[in-house]
There are 2 protein chains.
Amino acid sequence: MSLRHALLGLLSDHPASGYDLMRRFETSLSNVWPATQSQVYGELGKLAKGGFLEVAAEGPRGRKEYAITEEGLAELHRWLTETQPERMRRSEAMLRVFFLDQLTPLEAFTYLSTEAERAAGRHEALEGLNKSVEWDDEPLSVNGRLALEYGLRFTAMYEEWARWAAAQIEARSGQRLASSETGGAPDREPAPQVLLDSQIVGEQSPDL
Amino acid sequence: MSLRHALLGLLSDHPASGYDLMRRFETSLSNVWPATQSQVYGELGKLAKGGFLEVAAEGPRGRKEYAITEEGLAELHRWLTETQPERMRRSEAMLRVFFLDQLTPLEAFTYLSTEAERAAGRHEALEGLNKSVEWDDEPLSVNGRLALEYGLRFTAMYEEWARWAAAQIEARSGQRLASSETGGAPDREPAPQVLLDSQIVGEQSPDL
DNA sequence: CGTTTCATGTAATTGGTTACATGATTCT
DNA sequence: AGAATCATGTAACCAATTACATGAAACG
């Protein structure tokens with residue numbers, strides 16, 4: 001039930017329409033808590049009915065600008081302080097590790113090396129972002145910096161782990177498996193330079 | 001659609017009934033890919049209908065022992081080698097970080113410190129497990145060791161990040177926020193000593 | 001005037017969770 | 001005899017995804 005809290009969180013900053021919120025989900029929250037258009041509109045309706053939000057203004061194309069109510073702020077605060085984050089379990093990447101013995105050592109090695117490459121690419125993108133951002137003292141900037149740092153640490157950890165794991169497989173196989181290019185991605189996405197809001201966090205990935 | 005592949009993976013080792021598989025989900029895969037009883041039985045039916053599994057034997061209480069078919073093995077292999085793991089996005093813990101500015105510095109500090117404590121507890125449990133296991137050369141043991149190592153690295157990384165983030169909040173607040181006991185858990189679950197199969201992985205957690 | 005952007009919604013489907021329902025076998 | 005375990009299934013519900021549907025306003 002975190003979508004509602006994500007919406008309350010975004011609206012605690014300032015009022016916005018469903019359309020505005022959708023864009024903020026795309027730019028800021030996509031990798032932390034993605035949401036689709038239908039979901040956003042649906043949940044906004046429920047939140048308004050429940051008294052957590054109210055339609056503060058109506059605009060041009062049937063635009064409804066939602067504002068958080070006292071009740072909504074209270075609920076957001078309660079969620080942040082009185083409930084524990086549900087830690088997420090499902091990781092397809094780790095599920096695969098579990099069945100790696102179904103592959104030849106080379107195939108397993110390739111999988112892990114590719115994972116390492118992907119993590120490295122992600123890490124690089126984050127570093128680019130980190131440099132390109134002018135960090136101010138606004139709250140979003142502060143939170144964004146925390147999340148970005150998490151992303152950097154996560155991707156670094158994951159790459160190292162995957163390289164270590166690949167080496168384990170290689171050692172056990174008794175063969176040299178590392179080829180010149182192990183299936184790594186030669187062309188890597190360039191680090192995005194523009195960012196609205198705190199895209200930063202959008203660029204961070206909890207699983208990778 | 002990874003549940004089906006988890007089932008195929010488990011059955012690639014040896015035939016089993018829905019009931020057996022459920023237990024293996026609980027002991028080995030719970031933190032990587034949890035599944036409920038209804039889901040397991042439902043999916044087994046679909047997989048059998050699709051020709052990926054077959055009922056190899058029928059036992060006492062209507063027990064149906066499923067065995068993987070050639071087609072099932074091929075699908076498992078295809079999944080492992082030809083598809084990329086979908087990286088997971090939703091992290092309630094990180095979503096909260098995004099809205100930490102809605103809290104007082106002390107409350108934010110407390111949240112992050114508690115997260116650090118939880119990670120530390122998890123890490124300790126994993127280390128206990130690591131010591132208590134006699135590692136042999138069986139494939140499950142090898143895979144389990146890879147996953148356990150991931151868990152160790154993840155929890156260590158997360159704890160460090162959370163402590164760093166808490167310190168950031170403290171520094172910005174201009175106050176000393178760290179109390180003698182910051183809301184940390186004084187009583188920590190003891191590390192489980194018994195483990196079936198590769199519980200190891202069951203003890204590893206992708207998010208916190 | 002045509003395209004893009006803004007803006008809202010509904011419907012169908014999938015994957016997952018919780019709860020309900022049932023009964024046979026084994027163990028003490 | 002009674003409890004625990006083995007064993008399978010169905011139904012209701014919820015959250016999320018994809019696709020469909022519509023139209024007003026702004027921009028060029």
Side-chain angles (χ1 to χ4, degrees), chain A residues 1-8 10-11 15-27 29-50 53 55-66 79 86-92 95 196 206-207, chain B residues 1-8 11 15-27 29-50 53 55-66 79 85-92 95 196 206-207:
Chain A
M1 274 252 289
S2 293
L3 172 66
R4 62 189 313 117
H5 298 110
L7 288 168
L8 290 173
L10 289 174
L11 286 167
S17 69
Y19 190 83
D20 296 338
L21 290 163
M22 258 183 56
R23 276 181 305 142
R24 296 198 63 197
F25 264 94
E26 277 160 25
T27 56
L29 300 180
S30 60
N31 283 284
V32 167
W33 205 271
T36 57
Q37 184 252 49
S38 352
Q39 236 185 321
V40 169
Y41 284 110
E43 195 62 42
L44 283 173
K46 284 180 214 163
L47 283 166
K49 225 184 289 173
L53 301 179
V55 179
E58 304 215 15
R61 288 145 277 221
R63 176 191 171 91
K64 282 184 254 177
E65 200 162 67
Y66 290 95
W79 175 69
E86 207 183 283
R87 68 192 139 300
M88 195 176 292
R89 285 113 133 211
R90 284 183 181 94
S91 168
E92 212 189 297
L95 180 62
L196 294 168
D207 187 12
Chain B
M1 275 255 288
S2 294
L3 172 66
R4 62 188 315 117
H5 298 109
L7 288 168
L8 291 172
L11 286 167
S17 69
Y19 190 84
D20 295 338
L21 290 163
M22 257 183 58
R23 277 180 304 143
R24 296 197 65 194
F25 265 94
E26 277 160 25
T27 56
L29 299 181
S30 60
N31 283 283
V32 165
W33 205 271
T36 58
Q37 184 251 49
S38 353
Q39 235 184 321
V40 168
Y41 283 110
E43 195 63 41
L44 283 173
K46 285 180 214 162
L47 283 165
K49 226 184 291 174
L53 302 180
V55 179
E58 305 214 13
R61 287 143 277 225
R63 176 191 171 94
K64 284 183 251 176
E65 200 163 66
Y66 290 95
W79 176 67
E86 208 184 282
R87 74 194 126 299
M88 200 176 288
R89 285 113 135 209
R90 288 185 178 94
S91 167
E92 213 190 295
L95 180 62
L196 294 168
D207 185 17

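Quick note on labels: first sequence line is chain A, next is B, and so on, each numbered from 1.
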Starting at the 5' end of DNA chain D, what dot-bracket string do you get if Watson-Crick and G-U pairs under 3.5 Å are bracketed, crossing pairs use [ ], other-strand pairs use | and unpaired bases use dots? ||||||||||||||||||||||||||||

Taking it one step at a time, do A/K46 and A/E43 satisfy side-chain contact (heavy atoms from CB on, under 4.5 Å)? CA-CA 5 Å; A/K46 284 180 214 163; A/E43 195 62 42; 4.1 Å; yes

Separation between CE of A/M22 and CG of A/L29, rounded to the nearest 0.5 Å: 13.0 Å

note: B/K46, atom NZ; D/dT10, atom P; distance rounded to Å ~ 12 Å

Assert: residue with more 5' nearest nucleotide on DNA chain D, out of A/P34 and B/E65, is B/E65

With a non-hydrogen cut-off below 4.0 angstrom, is B/M1 in contact with a base, only sugar-phosphate, or nothing? sugar-phosphate

Going by heavy atoms in the side chains, are A/R4 and A/M1 under 4.5 Å from each other? yes

Pairing residues for B/R23 by the side-chain contact (heavy atoms from CB on, under 4.5 Å) criterion, not counting sequence neighbours: B/Y19, B/D20, B/E26

B/L11 side chain reached by B/L47 side chain, heavy atoms, under 4.5 Å: no

Heavy-atom distance under 4.5 Å between the side chains of B/L7 and B/L53, does that happen here? no

Spell out protein contact along nucleotides 23-28 of chain D as letters: B when the base is contacted, S when just the sugar-phosphate is, - when no protein heavy atom is under 4.0 Å; keep the 5' to 3' order. BBS---

From the 5' end of DNA chain C to its 3' end, which nucleotides mark the outer limits of contact with chain B, defined by a 4.0 Å heavy-atom distance cut-off (strictly under)? C/dG15 to C/dT25

Take the protein atom CZ of B/R63 and the nucleotide atom P of D/dT5, then report the distance between them rounded to whole Å. 17 Å

Are B/S2 and B/W33 packed together at the side-chain level, in the sense that at least one heavy-atom pair is separated by less than 4.5 angstrom? yes

Assess the residue pair A/E58 and A/K64 against the criterion (salt bridge (charged side-chain N to carboxylate O under 4.0 Å, His left out)); give the C-alpha distance rounded to whole Å, side-chain angles, the decisive distance to 0.1 Å, and a yes or no. CA-CA 5 Å; A/E58 304 215 15; A/K64 282 184 254 177; over 6 Å; no

Rounded to whole Å, how long is the line connecting atom CG of B/L95 with atom P of D/dA16? 11 Å

Pull out every residue in residues 38-45 of chain B that has a heavy atom closer than 4.0 Å to any atom of DNA chain D, ordered by number, or say none. B/S38, B/Y41

Student check: side-chain heavy atoms of A/L95 and B/W79 closer than 4.5 Å: yes

Can you tell me the distance, in whole Å, between the CZ atom of B/R24 and the C1' atom of D/dA7? 18 Å

List in chain and number order the residues that pass side-chain contact (heavy atoms from CB on, under 4.5 Å) with A/A35, two or more places apart in sequence or in another chain; answer none if no residue qualifies. A/L3, A/F25, A/Q39, A/V40

A/L29 CG to D/dA16 C1': how many Å, rounded? 16 Å

Please report, rounded to the nearest Å, how far the C1' atom of D/dT5 is from the CE atom of B/M22. 11 Å

